[in-house]
Protein chains: 2
Amino acid sequence: MSRRSGILEFAVLGLLRESPMHGYELRKRLNTSLGVFRAFSYGTLYPCLKALVANGWLVEEPGSAPEDARAASLAGRRAKIVYRLTAEGKEHFEELLAHTGPDTWEDEHFAARFAFFGQTSRDVRMRVLEGRRSRLEERLEKMRASLARTRERLDDYTLELQRHGMESVEREVRWLNELIESERAGRDKRTGPDQ
Amino acid sequence: MSRRSGILEFAVLGLLRESPMHGYELRKRLNTSLGVFRAFSYGTLYPCLKALVANGWLVEEPGSAPEDARAASLAGRRAKIVYRLTAEGKEHFEELLAHTGPDTWEDEHFAARFAFFGQTSRDVRMRVLEGRRSRLEERLEKMRASLARTRERLDDYTLELQRHGMESVEREVRWLNELIESERAGRDKRTGPDQ
DNA sequence: AATTTCATGTAATTCGTTACATGATTCC
DNA sequence: GGAATCATGTAACGAATTACATGAAATT
């Protein structure tokens, strides 16, 4: 019950689904492989892992790599802790994957969802992409309205900032359009026909 | 000493420098006019205002609009509280404006700084823009390196996410290049020669 | 041998939201 | 006179960081 950190929990389960890992490595992959996420600190990550274990979604295992086994057997000392997804954890992750809702379209949530698209069904992918798109279109609408109301009172820099912001959002909408089109056509970028 | 919320404090002082306002209005302008900021909640804004008053940077004033005066005089009841920047507050804001450092190049900080470029000197603008640019270039470098290391092990969606992320950063770098060029040429977007 | 990187964790603090509570003003 | 919007606040909670503390393994 204690510590549930939405995105982090989701990303950790998703990464561990591919293969067991220890905390330090997980953290690196949250930045690099998944690219999108900011670097969660250890002060966030480790307590989160403990909580996931307490929930029965992960189990701690002694590192299975030879050097860890050696280290652990030489003395009773602490070796690396490798986390592995349990059956319940897997099930829980499936639920999270299948769920789509307003929160899902938010910036960071969306990036996290997208990063695990490979493990999702096409209709979930479509719901996520389309939801994200309408969320962005709403945002554009608000920006346009606000700009129309206040244009005269703004100085050049503020105006330029708004213009650039809107352009970024419009660009993401176009990107989503392509992705949605691509999903409709029933294929990934280069894998060819799939599913 | 109590509540200092970097960005919010900065934005509030900057907005109040243009003209006195009450909390509710401030909050709207943080979203709309300044466009960039997420909507700070009242639970954040009002305590922040109180803290700024405690610091002597703002003073509370009875609303000067006729309907407020009427309401306040009719009964001893609470009217709108209009906040006005004090001389010390103005001075403090100048200091914040003049300061440039690593924190300044961060995403949200940068947006806040940019929103008040109109009140800054050209050399500060240049430092902020160039700092932001090198920060983004560092980020690009890391992304490229990480991508080169892990490309084969990533599925198409993860790859696409990284590609789009990098493209967004590259786009912002180009934007900054234009702005820097424009500053070098010694003019704002449309105001013509200035300072 | 020393330094860097790997590896795990805790406590205090920061930043901000949500939910709640209250009441005035404007519009229909 | 009822609803929507304007307007101000507080208390409890949440998410994540920073600074701290510890120690093993690899590299130079």
Side-chain angles (χ1 to χ4, degrees), chain A residues 1-12 21-31 37-53 58 60-63 65-83 103 106-109 112, chain B residues 1-12 21-31 37-51 53 58 60-63 65-83 102-103 106-109 112:
Chain A
M1 197 61 64
S2 46
R3 196 169 278 253
R4 41 179 59 228
S5 160
I7 280 180
L8 180 55
E9 171 183 312
F10 178 73
V12 165
M21 254 178 283
H22 58 268
Y24 195 85
E25 201 183 342
L26 260 168
R27 196 210 181 212
K28 274 195 302 184
R29 297 211 48 197
L30 287 170
N31 311 323
F37 303 132
R38 49 177 154 61
F40 286 94
S41 68
Y42 298 119
T44 309
L45 179 59
Y46 285 114
C48 171
L49 285 169
K50 294 296 176 191
L52 293 179
V53 169
L58 305 183
E60 301 183 349
E61 287 181 343
E67 68 276 17
D68 298 319
R70 217 191 325 113
S73 62
L74 274 175
R77 272 185 274 102
R78 173 180 74 172
K80 284 198 288 195
I81 299 172
V82 173
Y83 292 91
D103 50 306
E106 288 305 331
D107 295 341
E108 286 202 309
H109 258 78
Chain B
M1 196 64 61
S2 46
R3 195 170 279 252
R4 42 178 58 229
S5 160
I7 281 180
L8 180 55
E9 171 183 312
F10 178 73
V12 164
M21 253 178 284
H22 57 269
Y24 195 86
E25 202 184 339
L26 260 168
R27 196 209 181 212
K28 275 194 301 185
R29 297 211 48 196
L30 286 170
N31 311 323
F37 303 131
R38 49 179 154 59
F40 287 95
S41 68
Y42 299 119
T44 309
L45 179 59
Y46 285 114
C48 171
L49 286 169
K50 294 297 176 190
V53 169
L58 305 183
E60 301 184 348
E61 287 180 343
E67 68 275 17
D68 299 318
R70 218 192 324 114
S73 63
L74 275 174
R77 273 186 274 100
R78 172 180 75 172
K80 284 198 289 196
I81 299 173
V82 173
Y83 292 92
D103 49 306
E106 288 305 332
D107 295 342
E108 286 201 310
H109 258 77

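Protein chains get the first letters and strands the later ones, always in sequence-line order, with residue 1 at the start of each.
A close approach under 4.0 Å does not occur between any side-chain nitrogen or oxygen of Tyr42(A) and OP1 or OP2 of dG9(C). Residue Lys80(B) places none of its side-chain N or O atoms closer than 4.0 Å to OP1 or OP2 of dC6(D). For dT17(C), the OP1/OP2 oxygens have a side-chain nitrogen or oxygen of Ser41(B) closer than 4.0 Å.
To the nearest angstrom, P of dA11(D) lies 17 Å from OH of Tyr46(B). Rounded to a whole Å, the CD atom of Glu25(A) is 10 Å from the P atom of dT8(C). Atom CG of Asp103(B) and atom C1' of dT17(D) are 15 Å apart (whole Å). Across the protein-nucleic acid pair, Tyr24(A) atom OH and dA26(D) atom P stand 13 Å apart, rounded to whole Å. As rounded to whole Å, 11 Å separates atom C1' of dA7(C) from atom OH of Tyr83(A). As a whole-Å value, the separation of His22(A) NE2 from dA24(D) C1' is 12 Å. Taking atom NZ on Lys50(A) and atom P on dA15(D), their separation rounds to 20 Å, with Å as the unit. One interatomic measurement links the two molecules: CD of Glu108(A) to C1' of dA16(D), which rounds to 11 Å at whole-angstrom precision.
Set against dG9(D), dT17(C), dA7(C), the side chain of Phe40(B) has dT17(C) as its closest nucleotide. Here dT8(C) is the nucleotide among dG9(D), dT8(C), dT17(C) with the atom lying nearest to any side-chain atom of Ile81(A). Checked against dT17(D), dT8(D), dT17(C), the side chain of Thr44(A) finds its nearest nucleotide in dT17(D).
Listed here is the closest heavy atom pair of Ile7(B) and Glu108(B): CD1-CB, 3.2 Å. The minimum heavy-atom distance linking Glu9(A) with Leu52(A) is given by the pair CG-CD2, 3.7 Å.
Atoms CD and CG, from Glu25(A) and Leu30(A) in turn, are 11.0 Å apart once rounded to the nearest 0.5 Å. Atom CZ of residue Arg29(A) and atom CG of residue Leu26(A) lie 8.5 Å apart, to the nearest 0.5 angstrom. Atoms CZ and CG, on Phe40(B) and Leu8(B) in that order, are 5.0 Å from each other to the nearest 0.5 Å.
In this view, Tyr46(B) and Tyr24(B), Tyr42(B), Leu49(B) satisfy the side-chain contact (heavy atoms from CB on, under 4.5 Å) rule, not counting sequence neighbours. Checked against side chain to side chain donor-acceptor pair (under 3.5 Å), Lys50(A) has the following partners two or more places apart in sequence or in another chain: Glu60(A).
Nearest-nucleotide positions on DNA chain D place Lys28(B) closer to the 5' end than the other of Lys28(B) and Glu60(B).
Taking five base pairs at each end of the helix from dA1(C)-dT28(D) to dC28(C)-dG1(D), the local helix axes there meet at an angle of 40°, rounded to 10°.
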